Amino acid sequence: MSPWKKAIQKIDPEIEIDIWPAIKNKERIQFAICWNQPDHLLDNFPNLKAVSSLGAGVDHLLSDESLPESVDICRVYSHSLVQQMNEYITGAVISIRRHFARYIRQKDQQQWQVHGRGQVAGSRIGVMGLGAIGGPVAGRLAQLGYSVSGWSRTSRDLNGINCFAGRGELGNFLRNTQTLICLLPLTSETEGILNLDLFKQMQPPGWIINAARGNHLVDEDLIYALDSGLLEGAWLDVFSEEPLPGNHPFWNRPNIIITPHIASLTQPEEVAEQIVENYKRTLSGMGPRKVVDRTKGY
Ligand code: NDP
Ligand code: OXD
């Protein structure tokens, strides 16, 4: 049995669940839960009222233009998602600043070479996106002693974080940033935001950590920035095409660390209760919680 079906029916065994493509009666579907569904799949269900993402991101739902406006889009949240992202980002930042990735490579060549102290104090970190995940990640890095700036669409006031907002303050945010962490949702405003123009405004030589979406990054600009010394390295969990194709130039770059979209994984049992609540609210006409604002795109 699918782990999602199992987790949902553990809470309420009365809920009937069909798993695509084995859907018996399309008219009966009122609520859907999806991850990377094929385009146009969701316009096949005339009585669909709401659709929930199985993760924090909703770009895979918003990019399907055939999804009727009347269908609510919602997402899930869990402390575990934040905890996992905290571990992923702090692990990456510490590995970068203490040169652990370099030392792991050096061992393969029996090379004994010290790369400087890489101390925490004075290291300037910038977090793009201060939402449900980015906000706590920025807070954790500040607790560890890093000097942390954050950037969001609207103004935020977060303890210990130097906050900037909007395109008008992006330049000032970047000037303060050596290690840039992207935790933005993918929207028409943020697509391609990790580009050469942005890299040029950072404190050189910088690092990029992208754990948001692959389409935030302009791949060829990253390679150019690495080759020209503007950036020292990149730590990437997400890619415009996943799995990353075997012939992609990122694979052969020692200064690009690649993880296979594992920064923070949603576990069915941790979010099943929210899904059941949203399903019941949808059927009752109240509408789901954590609804995405389609005009903002997140
Ligand atoms: P939220 O929607 O809670 O927060 C989004 C943040 O981004 C907000 O601070 C928002 O600003 C800011 N933002 C949005 N648009 C802009 C813009 N145009 N300019 C500046 N700031 C902007 O998202 P989450 O924190 O829950 O998640 C962020 C993303 O992380 C997800 O969309 C997903 O793509 C990715 N993710 C990746 C995972 C992985 O395993 N790699 C796991 C989980 C999530 P404001 O505060 O003003 O609204
Ligand atoms: C998410 C993800 O958005 O896993 O939850 O990328």
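In this text the structure is predicted, and so the values were computed from the model without any measurement. Ligands are counted one by one from 1 in listed order, and the atoms in each one are counted from 1 as well.
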> When you look for heavy atoms under 4.0 Å from ligand 1, do you find them on the side chain of Met128, its backbone, both, or neither?
Replying inline: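 No part of Met128 is near ligand 1 at this cut-off.
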
> What's the shortest heavy-atom distance between Arg28 and Glu16, and which atoms?
Replying inline: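 For Arg28 versus Glu16, the nearest heavy atoms are NH2-OE1, 2.7 Å.
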
> Considering all heavy atoms of both residues, which atom of Val58 and which atom of Gly297 are nearest to each other, and what is their separation?
Replying inline: CG2-O, 4.5 Å

Heavy atoms only: which of [options] lies closest to [atom]?
atom                    : options                        : result
atom 17 (C) of ligand 1 : Val137, Leu183, Thr190         : Thr190
atom 41 (N) of ligand 1 : Gly214, Ala211, Pro136, Ala165 : Ala211
atom 18 (N) of ligand 1 : Glu189, Arg167, Lys296         : Glu189

Identify the protein heavy atom lying closest to [atom], giving its residue, its atom name and the separation to 0.1 Å.
atom                    : value
atom 43 (C) of ligand 1 : Ile133 CD1, 3.6 Å
atom 15 (N) of ligand 1 : Tyr298 CE2, 3.6 Å
atom 33 (C) of ligand 1 : Arg213 NH1, 3.7 Å
atom 13 (N) of ligand 1 : Leu184 CD2, 3.7 Å
atom 23 (O) of ligand 1 : Arg75 NH1, 3.7 Å
atom 11 (O) of ligand 1 : Arg153 N, 3.1 Å
atom 9 (O) of ligand 1  : Leu130 N, 2.9 Å
atom 5 (C) of ligand 1  : Pro185 CD, 3.5 Å

Could you tell me whether a side-chain N or O of [X] sits under 3.5 Å from a main-chain N or O of [Y], the two making a donor and an acceptor?
X      : Y      : answer
Asp64  : Asp39  : no
Asn210 : Leu236 : no
Asn278 : Ile275 : no

N/O contact list for ligand 2, threshold under 3.5 Å:
{"unit_1": "ligand 2", "atom_1": "3 (O)", "unit_2": "Ala56", "atom_2": "N", "d": "3.3"}
{"unit_1": "ligand 2", "atom_1": "3 (O)", "unit_2": "Gly57", "atom_2": "N", "d": "2.7"}
{"unit_1": "ligand 2", "atom_1": "3 (O)", "unit_2": "Arg213", "atom_2": "NH2", "d": "2.8"}
{"unit_1": "ligand 2", "atom_1": "5 (O)", "unit_2": "Ala56", "atom_2": "N", "d": "2.7"}
{"unit_1": "ligand 2", "atom_1": "6 (O)", "unit_2": "Arg213", "atom_2": "NH1", "d": "2.9"}
{"unit_1": "ligand 2", "atom_1": "6 (O)", "unit_2": "Arg213", "atom_2": "NH2", "d": "3.3"}
{"unit_1": "ligand 2", "atom_1": "6 (O)", "unit_2": "His261", "atom_2": "NE2", "d": "2.6"}

>> Less than 4.0 Å is my threshold; does some heavy atom of Gly55 fall inside it relative to ligand 1?
In response: no

>> Check contact between Thr187 and ligand 1, using heavy atoms of the residue and a distance below 4.0 angstrom.
In response: no

Could you tell me if [Y] and [X] have a donor-acceptor pair between their side chains, going purely by distance under 3.5 Å?
X      : Y      : result
Thr259 : Tyr88  : yes
Arg175 : Asn172 : yes
His99  : Gln106 : no
Thr90  : Arg140 : no

>> side chain to side chain donor-acceptor pair (under 3.5 Å) for Thr190 and Tyr298? Distances and angles first, verdict last.
In response: CA-CA 11 Å; Thr190 65; Tyr298 66 100; over 6 Å; no

>> Other residues, nucleotides and ligands only: do more than 12 of their heavy atoms fall within 6.0 Å of CD on Glu65?
In response: no

>> Can you confirm whether Glu273 is buried at CD, in the sense that more than 12 heavy atoms of other residues, nucleotides or ligands lie under 6.0 Å from that atom?
In response: no

> Does the salt bridge (Lys or Arg N to Asp or Glu O under 4.0 Å) test come out yes or no for Arg153 and Glu189, once each step is laid out?
Replying inline: CA-CA 10 Å; Arg153 200 175 57 84; Glu189 285 182 24; 5.7 Å; no

Within ligand 1, which atoms have a heavy atom of [X] less than 4.0 Å away?
X      : answer
Ala263 : 39 (C), 40 (O), 41 (N)
His261 : 39 (C), 40 (O), 41 (N)
Asp237 : 39 (C), 40 (O), 41 (N)
Ala212 : 34 (O), 35 (C), 37 (C)
Gly134 : 25 (O)

> Under 3.5 Å, N or O to N or O, is Val238 touching ligand 1 that way?
Replying inline: no

>> Ring-plane angle category for Phe31 and Tyr279, please: parallel below 30°, perpendicular beyond 60°, tilted otherwise.
In response: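 Answer is perpendicular, since the angle exceeds 60°.
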
Donor-acceptor contacts, no H, no angles, side chain residues 220-227, under 3.5 Å, sequence neighbours left out:
{"unit_1": "Asp221", "atom_1": "OD2", "unit_2": "Leu196", "atom_2": "N", "d": "2.9"}
{"unit_1": "Asp227", "atom_1": "OD1", "unit_2": "Arg253", "atom_2": "NH1", "d": "2.5"}

